[in-house]
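The structure appears right after this line, and notes come after that.
All figures in this text were calculated on a predicted structure; none of them were measured in a lab. Only this structure's heavy atoms are used, side chains among them; waters, hydrogens and symmetry mates stay out.
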Amino acid sequence: MSKNLFYINHDSNIPKYRQLVQNINTAISQNLLSYGDVLPSVNQLCEEASLSRDTVFKSYQLLKSQGVIDSVPNKGYYVAKEIRRVFLLLDTFKAYKEVMYHTFTSSLPDNYIVDVQFHNYNAAIFQKLVEDSVGQYSNYVIMPFNNDKVKLSLSKIPNDNLLIIDWNTFDTNTNNVISQDFGKAFENSLTEALPHLKKYNTLNLVYPNYTNHPETIINYFNSFCNKNDFKSTTITGKNNFELQKNALYICVSERSLGYILSECNAKNIVIGEELGLISYNETPMKKFIQNGISVISTDFELMGKRAAEFVLGEENIQQIIPTTFIKRQSI
């Protein structure tokens with residue numbers, strides 16, 4: 001058995017027992033270790049990897065508690081089940097991403113280990129996270145953004161193992177993609193809401209300069225307003241704008257949503273009567289806030305479920321998850 005499987009970086013900040021656990025899980029995930037394979041003895045690993053008995057024993061006991069390995073008296077430790085490691089890279093951790101994450105992980109068997117990371121739209125962080133992970137996982141589920149470094153990093157992952165989610169960026173006929181439509185589907189949702197929008201004098205798209213929401217939404221917002229003879233405004237900059245009664249506000253940012261809710265509370269503006277409000281992206285709490293916030297949202301539960309099906313089936317997939325309008329008391 002190759003000593004490289006159990007290589008320990010003694011200068012790393014990661015505890016040695018954690019490195020050993022990760023190495024064994026990775027080896028199983030890559031089929032370098034298979035069900036029934038016997039692992040080196042505690043004494044052998046102590047000598048080969050320059051580890052203490054306590055470190056090796058702690059690693060083995062942790063893996064044993066997880067059901068990854070087992071032991072037989074006088075025969076040692078062996079691989080007890082097949083492990084598959086999945087790399088999940090998201091932009092940020094928000095409530096609606098938590099819905100997708102929970103559905104994704106709960107749809108996988110317990111022998112699938114999901115390592116989740118966040119890039120926060122930082123190209124250098126994205127590049128390092130992806131390139132450090134190459135070859136370490138059986139599948140990669142990644143939420144990218146439009147940047148040349150991002151594109152270069154994604155090209156280093158085999159297409160059959162890579163699933164791009166949420167943003168349909170760098171799409172080719174060979175990429176696996178589960179995305180949402182930030183353009184036409186948004187306009188269609190507004191059209192569905194049209195009977196409820198006609199009571200407002202002005203439609204306002206709140207698109208602050210700190211958001212990473214795709215700019216294409218602005219074009220489709222303007223298109224909808226022009227087709228339906230609405231006066232409209234796109235509000236950019238920071239959250240310091242003055243709210244107007246008899247107007248509808250569409251928020252693509254949770255921070256902007258919070259600002260509007262706070263201002264309405266401070267000025268005793270009744271949401272749904274004196275002012276309309278639609279939020280982008282459904283979260284579990286929006287059905288309860290102010291007796292219900294109307295939303296335009298993709299189905300993040302379905303996105304998580306379909307991502308899990310890709311990981312389990314490893315079949316090519318290119319799917320746009322539907323975006324829908326949910327009417328509540330805020331309009």
Side-chain angles (χ1 to χ4, degrees), residues 91 94 96 121 145-146 166-169 179-267 269-283 286-287 289-300 320-331:
D91 52 1
K94 296 181 179 179
Y96 56 92
Y121 295 96
F145 59 103
N146 193 11
D166 202 30
W167 285 46
N168 192 4
T169 309
S179 64
Q180 58 175 308
D181 181 355
F182 293 97
K184 189 61 179 177
F186 168 71
E187 184 177 354
N188 291 342
S189 294
L190 289 178
T191 301
E192 184 181 349
L194 183 59
H196 310 288
L197 305 183
K198 289 182 177 180
K199 65 180 181 180
Y200 298 103
N201 295 332
T202 306
L203 303 190
N204 300 288
L205 176 65
V206 184
Y207 188 89
N209 53 15
Y210 52 75
T211 185
N212 289 295
H213 197 97
E215 292 185 13
T216 185
I217 192 174
I218 297 175
N219 295 331
Y220 283 90
F221 170 73
N222 291 333
S223 172
F224 170 81
C225 292
N226 290 334
K227 289 177 183 177
N228 295 281
D229 296 323
F230 279 108
K231 289 190 289 186
S232 64
T233 303
T234 297
I235 301 173
T236 57
K238 296 182 179 180
N239 294 328
N240 55 2
F241 53 90
E242 187 72 23
L243 294 182
Q244 303 294 325
K245 291 185 178 181
N246 299 317
L248 176 89
Y249 293 84
I250 303 170
C251 296
V252 300
S253 161
E254 299 292 283
R255 202 187 311 176
S256 297
L257 175 63
Y259 169 79
I260 293 176
L261 292 173
S262 178
E263 287 291 289
C264 287
N265 182 63
K267 297 177 180 179
I269 298 173
V270 181
I271 297 175
E273 296 181 14
E274 300 175 282
L275 175 148
L277 186 57
I278 296 177
S279 178
Y280 211 97
N281 294 320
E282 172 73 311
T283 66
K286 286 179 183 175
K287 65 179 69 175
I289 298 172
Q290 294 285 335
N291 296 317
I293 301 295
S294 299
V295 296
I296 293 173
S297 181
T298 194
D299 188 338
F300 288 99
I320 297 175
I321 302 296
T323 296
T324 57
F325 167 69
I326 302 175
K327 163 77 169 65
R328 296 189 179 122
Q329 293 300 313
S330 66
I331 64 171

Notebook entry, point to check: What heavy-atom pair brings T324 and S189 nearest, and what distance separates the two atoms?
Noted result: C-OG, 3.8 Å
Checklist line | Heavy-atom closest contact (L197 atom, F230 atom, distance) | finding: O-CE2, 3.6 Å
Next item on the list: Show your reasoning for whether side chain to side chain contact (heavy atoms under 4.5 Å, CB included) applies to F221 and S232.
Entry: CA-CA 9 Å; F221 170 73; S232 64; 3.9 Å; yes
Margin query: Quick test of your reading of the model: are E282 and K286 salt-bridged, counting only N-O distances below 4.0 Å?
Written below: no
Note to self: Test your reading of the model: is there a side-chain donor-acceptor pair from T233 to the backbone of I235, 3.5 Å cut-off?
What the structure shows: no
Item checked: Donor on one side chain, acceptor on other, T202 and Q244, under 3.5 Å -> no
Check: Picking from T191, N188, L194, I278, what satisfies side chain to side chain contact (heavy atoms under 4.5 Å, CB included) with F325?
Finding: I278
Next item on the list: Look up atom CD in E273 and atom NZ in K199, then write down how far apart they are to the nearest 0.5 Å.
Entry: 8.0 Å
Next item on the list: Go through the steps for D166 and F300 under the test side chain to side chain contact (heavy atoms under 4.5 Å, CB included), then give the verdict.
Entry: CA-CA 9 Å; D166 202 30; F300 288 99; 4.2 Å; yes
Note to self: Once rounded to the nearest 0.5 Å, what's the spacing between atom OH of Y249 and atom CG of L205?
What the structure shows: 12.0 Å
Check: To the nearest 0.5 Å, how far apart are OG in S279 and CD1 in I326?
Finding: 10.5 Å
Next item on the list: Could you tell me whether a side-chain N or O of S330 sits under 3.5 Å from a main-chain N or O of S294, the two making a donor and an acceptor?
Entry: yes
Checklist line | Stepwise side chain to side chain contact (heavy atoms under 4.5 Å, CB included) check, Y280 with F182 | finding: CA-CA 10 Å; Y280 211 97; F182 293 97; 4.1 Å; yes
Next item on the list: Report yes or no: does T298 contribute a side-chain atom to a donor-acceptor pair with the main-chain N or O of P322 at less than 3.5 Å?
Entry: yes
Notebook entry, point to check: Do S256 and N239 have side-chain atoms, one donor and one acceptor, less than 3.5 Å apart?
Noted result: yes
Notebook entry, point to check: V295 versus T283: any side-chain heavy-atom pair under 4.5 Å?
Noted result: no
Next item on the list: Would you check if the side chain of S223 reaches a backbone N or O of N219 as a donor-acceptor pair within less than 3.5 Å?
Entry: no
Margin query: Is it the case that the side chain of N265 and the backbone of L261 share a donor-acceptor pair, with hydrogens and angles ignored and the cut-off at 3.5 Å?
Written below: no
Check: Can you check whether F241's main-chain N or O pairs, donor with acceptor, with Y259's side chain at less than 3.5 Å?
Finding: yes
Margin query: Quick check for you: to the nearest 0.5 Å, what is the distance between L257 atom CG and N281 atom CG?
Written below: 11.0 Å
Margin query: If you compare all heavy atoms of C251 against all heavy atoms of L277, which two are closest, and at what distance to 0.1 Å?
Written below: SG-CD1, 4.0 Å
Margin query: Check this for me: K287, atom NZ, are more than 12 non-hydrogen atoms of other residues, nucleotides or ligands nearer than 6.0 Å?
Written below: no
Note to self: Does atom NZ (K327) have a neighbourhood of more than 12 heavy atoms from anything else shown, all under 6.0 Å?
What the structure shows: yes
Notebook entry, point to check: Is it true that atom NZ of K231 has more than 12 heavy atoms of other residues, nucleotides or ligands lying nearer than 6.0 Å?
Noted result: no
Note to self: Can a donor-acceptor pair be found, under 3.5 Å and without considering hydrogens, that links the side chain of Y207 to the backbone of H213?
What the structure shows: yes
Next item on the list: Of all the heavy-atom pairs spanning Y200 and L275, show the shortest one and how long it is.
Entry: CE2-C, 3.9 Å
Next item on the list: Please report the shortest heavy-atom distance between I269 and K245, naming the atom on each side.
Entry: CG1-CE, 4.2 Å
Item checked: Considering all heavy atoms, the nearest L243-C264 contact -> CD1-SG, 3.8 Å
Margin query: Do F186 and T323 make a side-chain contact, defined as non-hydrogen atoms from C-beta onward lying under 4.5 Å apart?
Written below: no
Item checked: Separation of H196 NE2 from L190 CG (nearest 0.5 Å) -> 12.0 Å
Next item on the list: Decide if atom CD of Q329 counts as having more than 12 heavy atoms of other residues, nucleotides or ligands within a radius under 6.0 Å.
Entry: no
Note to self: One pair to check against side chain to side chain contact (heavy atoms under 4.5 Å, CB included): S253 and V206. What are the steps and the verdict?
What the structure shows: CA-CA 8 Å; S253 161; V206 184; over 6 Å; no
Next item on the list: Find the distance between CD1 (I271) and CD1 (I293) and round it off to the nearest 0.5 Å.
Entry: 5.5 Å
